[in-house]
Amino acid sequence: MLMKTQILTTSKEDIEKAGRIIKDGGLVAFPTETVYGLGADALNEKAVRSIFEAKGRPSDNPLIVHIAKKEDIIPLVKEVTPKAQALIDAFFPAPLTVILKKSELVPSVTSGGLDTVAVRMPENETARALIEASGCVIAAPSANTSGLPSPTKAKHVIDDMSGKIDAIIDGGDCKFGVESTVITLAGEVPTILRPGAITKEMIEAVIGRVELSPAVLSQLGKNETAASPGMKYKHYSPKAKIVLVDAEKRVYEDFVNARENAFALCFEGDAVTTPHLTYGKENDALGQARELFDRLRQLDEKGAKKVYARIPSADGVGMAVYNRLIRAAAFNIIDLRKPFTLGVTGQTGSGKGYICERLEALGFKIISADYYSREITKKNSPIFPALQARFGEDIVKDGELDRKLLAEKAFKSREDTDALNAIMHPAIIKLCKEAAEGLCALDAPQLFEADMQGDCYKVITVTAPEDVRLKRIIARDGLTKEQALSRINAQHGEKYYTDKSDCVIINDGNNDIDIQIQSILEEIL
Ligand code: TXA
Ligand code: MG
């Protein structure tokens with residue numbers, strides 16, 4: 001059933017009008033310094049129920065009770081504990097919500113059936129004037145449809161709530177743009193249930209050690225109960241699928257610019273050429289907070305399907321930004337802080353080189369372990385004495401390594417191969433890591449033997465049937481069939497590689513490599 005929603009201003013008359021609506025059991029959306037709230041008389045059960053209806057909010061998710069004066073908390077709670085009092089004195093009015101054991105006065109619909117109540121005194125003048133005008137304490141969740149990003153502009157509220165509530169007070173853009181910090185003082189240790197503009201550090205400076213609920217930074221397990229019921233619901237989610245990319249500026253830029261059809265949510269000043277929106281500047285958490293929800297809404301307006309968002313720093317107020325964004329992304333993170341984005345490995349003759357050429361065309365920097373293994377075996381290399389000690393003086397002549405002879409000796413048995421690796425790998429790994437920058441793929445036949453999988457975000461194994469590999473290496477390296485076979489037999493079997501890798505590309509000459517690569521990138525990145 002649709003009703004007419006009045007759009008009001010912040011004038012005295014309009015606030016009085018809105019106050020009367022609340023007093024009479026109606027619903028009014030109003031600005032606060034955090035986000036817009038959807039308010040009703042907190043002590044009127046019927047009015048409170050209609051908040052849940054208008055938002056489509058699950059009834060076990062409790063509401064925050066908003067007060068206009070500090071002392072108005074007293075009748076709502078069993079006891080204002082000393083720590084609660086200290087926080088009230090230090091911060092109220094502020095973007096801070098305290099949870100205490102509730103009094104009989106607070107109806108169970110308001111507290112979502114819990115024996116505690118959340119109370120906050122907003123800093124925003126219009127919000128406090130409305131509470132005063134209504135003569136009530138006002139229960140108000142964010143004024144969005146449940147599950148969507150919280151509204152930070154009157155337009156957002158109009159989009160979500162028109163026809164469902166009595167009035168909306170247009171108070172312009174919200175100052176902070178993320179919801180209040182929620183801290184519970186109802187348990188043994190004060191615990192932050194939701195980070196906001198009042199940071200953990202600011203709170204600790206007043207009341208000493210506080211904990212951060214595990215639900216703030218990580219996904220709750222299936223059987224864990226949320227200390228704050230709101231944490232268990234899907235939140236801040238636009239329709240677009242968001243993936244957080246944990247990477248420095250340069251890597252992030254390469255990454256999004258290399259993807260077709262990708263949409264980016266980045267910082268001002270990022271050199272991004274794909275369609276994008278920005279949310280603040282890299283080192284400005286307050287600016288990011290102010291813009292984030294609006295941008296999440298705009299993503300849908302722009303029809304973005306898959307969005308790669310640059311990860312914010314989680315320090316200070318950044319914790320609140322990170323917390324909202326990681327929920328919007330349903331905890332999907334791509335970690336590009338590892339030296340190598342992809343590792344590409346596989347048995348000899350599987351055709352890793354070709355896969356790497358295709359990746360290079362897609363914008364990856366290719367780092368070849370073979371290249372560095374030749375670099376460290378150039379004339380008069382400091383590594384020669386160690387090689388000669390193990391494989392014989394004759395593998396070096398006039399300062400030059402006899403590669404063929406070394407290969408023959410080293411690939412004769414597993415033991416010989418291991419000995420060669422123990423000498424070569426540390427030096428090669430060092431050079432590969434030094435060369436790593438931006439979006440890159442490590443081409444390393446011995447990726448697992450060198451224990452480098454931990455340095456790669458994902459590892460791809462390239463496979464091909466033995467007869468195909470045999471033909472390839474005979475042609476490529478000018479080997480006899482026996483030499484080629486002995487080289488193949490000195491290596492691990494295919495399963496050794498595929499078991500340890502994240503995905504497999506079949507390169508038998510019949511499969512369309514580009515389609516396989518694209519679908520793998522789609523899946524893992
Ligand atoms: O900044 C804000 O806090 C905004 C403005 C309008 O004041 N309000 C807001 O309300 O964000 P809402 O309902 O969207 O979020 C309140 C959060 C929810 O996650 C809820 O589960 C939690 O606070 N909460 C409320 N009462 C609680 C209680 N008694 N125990 C634990 N968590 C509670
Ligand atoms: Mg909310």
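Counting convention: from 1, in listed order, for ligands and their atoms alike. For the numbers below, each heavy atom of this structure counts, side chains included, while hydrogens, waters and symmetry mates do not.
Within the listing of ligand 1, atoms 3 (O), 8 (N), 9 (C), 10 (O), 16 (C) sit less than 4.0 angstrom from a heavy atom of Ile64. Interface of Ser142 with ligand 1, defined as ligand atoms under 4.0 Å from a residue heavy atom, comprises 8 (N), 9 (C), 10 (O), 12 (P), 14 (O). Listed by number with element, the atoms of ligand 1 under 4.0 Å from a non-hydrogen atom of Pro62 are 20 (C), 21 (O), 24 (N), 25 (C), 26 (N), 27 (C), 28 (C), 33 (C). Those atoms of ligand 1 that come under 4.0 Å of a heavy atom in Leu193, given as number and element, are 31 (C), 32 (N). With ligand atoms numbered from 1 in the order given, ligand 1 contributes 18 (C), 20 (C), 21 (O) to contacts under 4.0 Å with heavy atoms of Asn61. Heavy-atom contacts of Gly37 reach the following atoms of ligand 1: 6 (C) (cutoff under 4.0 Å). Below 4.0 Å from some heavy atom of Leu114 lie the following atoms of ligand 1, by number and element: 28 (C), 29 (N), 30 (N).
Within the 4.0 Å heavy-atom cutoff, Ala140 counts among the residues contacting ligand 1. Contact analysis puts His66 in contact with ligand 1, with a non-hydrogen atom separation below 4.0 angstrom. At least one heavy atom of Arg57 sits under 4.0 Å from some atom of ligand 1.
For ligand 1, one of its N or O atoms has an N or O atom of Thr34 under 3.5 Å away. Not one N or O of Thr32 is nearer than 3.5 Å to an N or O of ligand 1, by distance alone.
Counting only N and O atoms by type, the side chains of Thr97 and Ser180 include a donor and acceptor under 3.5 Å apart. Judged by distance alone, the side chains of Asn124 and Thr32 never bring a donor and an acceptor atom under 3.5 Å apart. With 3.5 Å as the limit, one finds no donor-acceptor pair spanning the side chains of Gln518 and Asp514. Checking His156 against Asn144 by side-chain atom types alone, no donor-acceptor pair falls below 3.5 Å. Side-chain N/O atoms of Thr34 and Arg120 include a donor and acceptor closer than 3.5 Å. Counted by atom type alone, Gln288 and Asp284 present zero donor-acceptor pairs between their side chains at under 3.5 Å. For the residue pair Thr152 and Asp294, no side-chain donor N or O sits within less than 3.5 Å of a side-chain acceptor on the partner.
In plain terms, the two heavy atoms of Pro31 and Ile169 that are nearest each other are CD-O, 3.5 Å.
Contact annotation for Lys102 and ligand 1: no heavy atom of the residue comes within less than 4.0 Å of the ligand. At a heavy-atom distance under 4.0 Å, atoms from both the backbone and the side chain of Thr116 approach ligand 1. By the criterion of a heavy-atom distance under 4.0 Å, neither the backbone nor the side chain of Thr184 is placed next to ligand 1.
Between Arg209 and Glu204 no salt bridge is recorded (no basic side-chain N to carboxylate O distance below 4.0 Å).
With a cut-off of 2.8 Å, the Mg ion (ligand 2) has no N, O or S atom of Ser150 in range.
Judged by distance alone, with hydrogens and angles left aside, the side-chain atoms of Asp315 form no donor-acceptor pair with the main-chain N or O of Gly318 at under 3.5 Å.
Residue pairs satisfying the salt bridge (charged side-chain N to carboxylate O under 4.0 Å, His left out) criterion with at least one member in residues 261-277, sequence neighbours excluded, are listed as follows: Lys249-Asp270, Glu268-Lys281, Asp270-Arg310.
For the residues Leu100, Ile99, Val182, the heavy atom positioned nearest atom 28 (C) of ligand 1 is part of Ile99.
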